[in-house]
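See structure below.
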Amino acid sequence: MSEDHGKDYTLEGDSELRFEIEQKDAKVLVSLVNGFAELFGTELVKKKKYEFGLGAKVAIYTFQGCVLHVSGKMDVCYISKETPMVQYVNCHAALEQFRAEAEEKDRRGPVAMVVGPMDVGKSTLCRILLNYAVRVGRRPLYADLDVGQGAIAISGNVATILIERPASVEDGFPKTAPLVYHFGHKSPSGNSVLYNAVVSKMAEVTLQSMNNNKRTKSSGIIINTCGWVKGSGYAHLLHAAQAYGACAIFVLDQERLYNELLRDVPKGVNVVLLPKSGGVVERSKELRHESRDQRIKEYFYGNARTPFYPFSFEVKFQDLRLYKIGAPPLPDSCMPIGMKAEDNKTKVVAVTPTPALIHHVLALSFAESVEDDVIGTNIAGFCCVTEVDMERQAVMLLSPQPRPLPPNALLLWSELQFMDNHT
Ligand code: ADP
């Protein structure tokens, strides 16, 4: 652990300054004194002070060399000359060739998937590729299929956003106007049939929507995926690649996965093995849980720079239209004629409120009734059950919206829980 109240770090070309902050209330300020530098693809503005807090794991990279001024308490801080950034830039350059060609011929641009085990820097590589794309004037889509972390919405959901400007150094990409489909579990294994159905729907809708905007059409999609890459996890990756018609798959850090994909994807798909950055730190199960929790907390309460003030209100059981996607499995012999046991996995079933509902996150669907295509209907937002009062037959909900729920609001149960102990 080191405390420094201001120190200049001189970086040579093709190197990066890495630091981690793990102490509560710690604050690190970084500014670019000289040269050019970027954080995961976003250029730093000279002399501007960037602030980082608890949980930050940061790498500031420079192609040409730079001087950075850093102050504050950090747990680790060092300069590394071993970075895979040049390979990542080459991936961007290859995607650019596809985009230029697509633009010329008014075709759909490249759909690239980033795959690999947990904690290899998949989300970071997506961020870098998206930032480079917008910096050269593209407007790509970012699809996040990683229901474990939920970089765009919160975990338990699959989401897509249009990237129109580079990510903010401190806060990442703005999460405005996302297309969010509810899944309800932290891992695709929670309901494999539903996961594939949600991914297929997302792929179908986004590919279709690309035709409406010429620039986005040729810019393509960058897809982030789950870190579950074995067995059924692998089957999910293949399914996503097929649903999106991926033309490139970037495999981070796993030769086995790379070889499996080479064997299984159609010939025209470019499968590229890339090293992970030595800076990516493995997270324990607890840390992963904490960062999931942190995302939900930020959804309701914002962060220190942009705090939000959520509302609490009561909803009577009789007004609560609560559903869950996926009914318990029945043997085929018990199913009505023409239905398979699999169909149950995507069935929308009513949930009766019980005390077990406490702390669960609920998704508010834009669907008006269960007769609608609930799986393929956008999510308007989330609320969290903070109290279940069986005597009064009511629940208390934490919600970013001030008004009580719209009269026909359809809520979808998720296995995610959030303890609202915000003070
Ligand atoms: P994955 O998506 O594979 O789980 P992430 O991209 O989320 O992995 O990376 C895990 C963590 O490592 C993130 O907190 C990220 O900020 C950090 N990280 C990524 N690249 C670097 C790097 N070069 N140096 C230091 N930390 C990094």
Side-chain angles (χ1 to χ4, degrees), residues 9 11 14-22 28 30 37-42 44 50 52-63 68 70 74-89 91 112-132 142-152 154-155 158-159 167-173 186-188 222-229 233 237 240 249-254 257 273-295 298:
Y9 289 85
L11 277 71
D14 189 27
S15 66
E16 65 188 23
L17 178 79
R18 296 175 184 156
F19 60 85
E20 285 175 42
I21 310 172
E22 272 166 15
V28 170
V30 179
E38 56 180 51
L39 182 134
F40 303 144
T42 307
L44 263 53
Y50 296 99
F52 300 91
L54 174 71
K57 291 181 177 39
V58 174
I60 300 179
Y61 177 80
T62 177
F63 279 102
L68 296 168
V70 184
M74 286 164 286
D75 293 69
V76 192
C77 182
Y78 64 97
I79 295 174
S80 171
K81 291 183 186 163
E82 301 286 322
T83 91
M85 285 301 283
V86 172
Q87 274 127 303
Y88 294 175
V89 173
C91 293
M113 266 171 76
V114 177
V115 305
M118 275 183 271
D119 301 329
V120 287
K122 293 184 296 300
S123 320
T124 307
L125 177 58
C126 288
R127 180 164 165 176
I128 292 169
L129 294 174
L130 290 160
N131 274 331
Y132 286 165
Y142 177 27
D144 185 19
L145 309 183
D146 182 1
V147 287
Q149 288 298 321
I152 300 174
I154 55 174
S155 48
V158 160
S168 138
V169 165
E170 290 143 330
D171 296 324
F173 290 113
K186 288 174 268 190
S187 160
I222 303 288
I223 305 172
N224 192 17
T225 58
C226 292
W228 183 31
V229 295
L237 291 180
I249 305 182
F250 298 126
V251 187
L252 280 170
D253 193 47
Q254 208 187 75
L257 177 63
L273 180 64
L274 292 170
K276 79 165 189 180
S277 165
V280 182
V281 195
E282 232 173 81
R283 287 174 290 188
S284 61
K285 212 170 165 196
E286 289 72 37
L287 261 177
R288 216 166 287 130
H289 178 90
E290 248 172 56
S291 85
R292 223 180 352 242
D293 229 41
Q294 184 60 27
R295 260 303 291 135
E298 263 181 31

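For reference, positions follow the sequence shown, starting with 1. Atoms within each ligand, like the ligands themselves, are counted from 1 in listed order. Computed from heavy atoms alone, side chains included, the values below leave out hydrogens, waters and symmetry copies.
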| Heavy atom of the protein closest to atom 2 (O) of ligand 1 (residue, atom name, distance) | S123 OG, 2.7 Å
| Hey, does V120 come in under 3.5 Å of ligand 1, counting only N/O atoms on both sides? | yes
| remark: Candidates N224, T124, V281; heavy atom nearest atom 9 (O) of ligand 1 found on T124
| query | Would Y61 and F63 satisfy ring-ring contact (aromatic ring centres under 6.0 Å, His included), going step by step from the backbone distance to the final call? | reply | CA-CA 7 Å; Y61 177 80; F63 279 102; 4.8 Å; yes
| message | Check for me whether V58 has a heavy atom closer than 4.0 Å to any atom of ligand 1. | response | yes
| query | At a non-hydrogen distance cut-off of under 4.0 Å, which region of K57 contacts ligand 1 (side chain, backbone, both, or neither)? | reply | both
| Quick one: does E16 get within less than 4.0 Å of ligand 1, heavy atoms only? | yes
| said: Minimum heavy-atom separation for V115 and L257, please, with both atom names. | reply: CG2-CD2, 3.8 Å
| field | Pair T62, E16: side-chain N/O donor-acceptor within cut-off below 3.5 Å | value | no
| Would G227 count as a contact of ligand 1 if the rule is a heavy atom under 4.0 Å away? | no
| Roughly how far apart are K276 NZ and D119 CG, rounded to 0.5 Å? | 7.5 Å
| field | Heavy-atom nearest neighbour in the protein, as seen from atom 10 (C) of ligand 1, with distance rounded to 0.1 Å | value | V280 CG1, 3.8 Å
| field | Contact check, side chains of V76 and R18, non-hydrogen atoms, under 4.5 Å | value | no
| remark: Closest non-hydrogen atoms of R288 and R283, given as atom of the first, atom of the second and distance, are NH2-O, 2.8 Å
| query | Can you find an N or O of G279 that's nearer than 3.5 Å to an N or O of ligand 1? | reply | yes
| field | S277 neighbourhood, listing ligand 1 atoms whose heavy-atom distance to it stays under 4.0 Å | value | 22 (C), 23 (N)
| query | Are any of the heavy atoms in Y61 under 4.0 Å away from ligand 1? | reply | no
| remark: The closest protein heavy-atom partner of atom 22 (C) of ligand 1 is A59 CB, 3.4 Å
| task | Identify the two heavy atoms, one from S277 and one from Y88, that lie closest to each other, and give their separation to 0.1 Å. | result | N-OH, 3.8 Å
| Going by heavy atoms, is R283 under 4.0 Å from ligand 1? | yes
| said: Among all the protein's non-hydrogen atoms, which is closest to atom 1 (P) of ligand 1, and how far away is it? | reply: K122 N, 3.5 Å
| Any N/O pair G121/ligand 1 closer than 3.5 Å | yes
